[in-house]
Amino acid sequence: MTKIIAVVSGKGGCGKTTAAINLGLALNNFGRQVIVVDGNLTTPHMSIHLGAPLVPVTLHDVLKGNAEIHDAAYLHPSGLKIIPGSIRYADLQSIDPKKLPEAVSGLRGKAEVVLIDASAGLGSEVKAAISAADAVLIVTRPELPSVTDAVRLKRLVKEHGKDIIGVILSHVKGDSRDMTTQNVETLIESKIIGIIPYDDRMREALMLRHPICYSHPESPSSVAYRKVAAYLIGQPYIESIKMEKKMSRKRVTDFLLEIFGVTEYQKQRKSKDRASKLL
Ligand SMILES: Nc1ncnc2c1ncn2[C@@H]1O[C@H](COP(=O)(O)OP(=O)(O)O)[C@@H](O)[C@H]1O
Ligand SMILES: [Mg+2]
């Protein structure tokens with residue numbers, strides 16, 4: 001059975017995309033079949049985080065009725081399956097977010113866990129991501145603006161009748177300027193299921209276009225994401241758990257392959273015709 005989880009935050013920059021790709025990878029490495037979908041339709045970032053900005057078929061093509069959802073699935077070298085959105089300005093214009101739930105439902109039966117990386121705010125895109133999901137994970141920073149947005153978001157989630165799995169506290173420095181976990185829990189009235197430390201190596205992971213669980217599996221934030229993943233599947237986290245294979249520090253743009261079988265991304269990207277349509 002497929003569980004579809006929207007990763008939401010209210011405020012932007014809280015760590016949703018980072019959480020979606022790292023939880024996705026950690027779950028994948030725990031043997032779960034996972035697909036991460038970029039549900040941020042007007043400002044998609046997942047493909048930027050993972051070095052896939054120029055893939056030939058995107059979620060936007062699916063939402064426009066020009067492709068099937070499986071045509072837009074790609075494999076990151078880490079083993080993570082992703083469905084990126086288009087970053088072309090023209091593609092962002094004519095998109096109807098209401099089509100997202102139906103598109104994502106096409107993934108039922110194709111994975112055990114589908115993570116939707118939602119957009120910020122409380123608008124139609126976020127509503128679409130929540131509608132598409134069975135449950136949501138809230139990501140927040142330990143700061144008042146972020147937490148107050150999470151509180152409003154929680155109400156939106158409740159209005160949609162969806163379960164809240166819990167809250168992930170990201171960018172945690174643990175100093176006196178951070179809100180305490182207790183205060184965050186009290187305000188959001190949901191359990192904190194993960195504390196992800198502020199991690200300077202995140203910038204390097206971004207530069208490498210990798211989830212940090214792949215580029216720096218030993219870093220504190222990677223460990224923290226693996227703990228959340230273990231929690232999600234109801235397993236105790238064991239520190240000696242086999243770490244993700246460390247990879248050579250190459251950029252990944254040229255390594256993406258289409259998964260469900262047809263053509264190598266690399267070949268498609270080299271097509272002049274295709275290249276002229278990009279960005
Ligand atoms: N634990 C962390 N420590 C430091 N920087 C982080 C951490 N998590 C995410 N970031 C960085 O914070 C920025 C916002 O994260 P992102 O996942 O893009 O947020 P959102 O998707 O909610 O807008 C990115 O530059 C990302 O690399
Ligand atoms: Mg994002």
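Since the model is a prediction, treat every value here as computed from it, not as a measurement. We number each residue from 1, following the sequence as shown. Atoms within a ligand are numbered from 1 in the order they appear, just like the ligands themselves.
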For the side chain to side chain contact (heavy atoms under 4.5 Å, CB included) test, which of Ile69, Thr58, Val36 pairs with Ile83? Ile69

Judging by distance only, is a nitrogen or oxygen of Leu206 under 3.5 angstrom from one on ligand 1? no

Is there a protein heavy atom at a distance of less than 4.0 Å from atom 24 (C) of ligand 1? no

Protein-side N, O or S atoms sitting under 2.8 Å from the Mg ion (ligand 2) are Thr17 OG1

Kindly determine whether Ser131 and His160 satisfy side chain to side chain contact (heavy atoms under 4.5 Å, CB included), including the steps that lead there. CA-CA 7 Å; Ser131 300; His160 282 73; 3.4 Å; yes

Going through the checks in order, is the side chain to side chain contact (heavy atoms under 4.5 Å, CB included) test met by Lys191 and Ile164? CA-CA 9 Å; Lys191 185 176 154 61; Ile164 294 169; over 6 Å; no

Before signing off on this row, confirm whether Lys16 and ligand 1 have an N or O atom pair separated by under 3.5 Å. yes

Residue from Thr43, Thr42, Asp38 passing side chain to side chain donor-acceptor pair (under 3.5 Å) with Asn40: Thr43

Would you call His171 a ligand 1 contact, heavy-atom distance under 4.0 Å? yes

Side chain to side chain donor-acceptor pair (under 3.5 Å) between His210 and His216, worked out: CA-CA 9 Å; His210 294 325; His216 302 80; over 6 Å; no

Nearest non-hydrogen contact to atom 27 (O) of ligand 1 from the set Met202, His45, Arg201, Lys11 belongs to Met202

Would one find an N or O of Ile196, backbone or side chain, under 3.5 Å from an N or O of ligand 1? no

Do other residues, nucleotides or ligands put more than 12 heavy atoms under 6.0 Å from Gln182 CD? no

If you define the side chain from C-beta out and look only at heavy atoms, does anything of Leu23 sit under 4.5 Å from Leu137? yes

Is the closest heavy atom of Pro197 to ligand 1 under 4.0 Å? yes

Quick one: which residue pairs count as a salt bridge (Lys or Arg N to Asp or Glu O under 4.0 Å) with a foot in residues 159-178, not counting sequence neighbours? Asp175-Arg177

Checking side chain to side chain contact (heavy atoms under 4.5 Å, CB included) against Leu41, which of Leu92, Leu59, Asp96 comes through? Leu59

Are any of the N/O atoms on Asp199, whether in the backbone or the side chain, positioned under 3.5 angstrom from an N/O atom of ligand 1? yes

Asp117 N/O under 3.5 Å from ligand 1 N/O: no

For atom 19 (O) of ligand 1, grab the closest protein heavy atom and report residue, atom and distance to one decimal in Å. Gly15 N, 3.0 Å

Can an N or O of Cys14 be found at a distance shorter than 3.5 Å from an N or O of ligand 1? yes

His76 vs Tyr214 aromatic rings, parallel, tilted or perpendicular, using cut-offs 30° and 60°? perpendicular

Is there a chain of hydrophobic side chains (I, L, V, M, F, W, Y, each step under 4.5 Å between heavy atoms) that links Leu80 to Val7? yes

Looking only at N/O atoms, are Thr17 and ligand 1 under 3.5 Å apart anywhere? yes

Non-hydrogen atom of His49 closer than 4.0 Å to ligand 1: yes

Are there over 12 heavy-atom neighbours, none belonging to Lys64, within less than 6.0 Å of that residue's NZ? yes

Closest approach of any protein heavy atom to atom 14 (C) of ligand 1, naming residue and atom: Gly13 O, 3.8 Å

I'd like to know if Arg152 pairs up with Asp149 as an ion pair, taking the criterion as any Lys NZ or Arg NE/NH1/NH2 lying under 4.0 Å from an Asp or Glu carboxylate oxygen. yes

Of all the non-hydrogen atoms in the protein, which one sits nearest to atom 26 (C) of ligand 1, and at what distance? Thr18 OG1, 3.8 Å

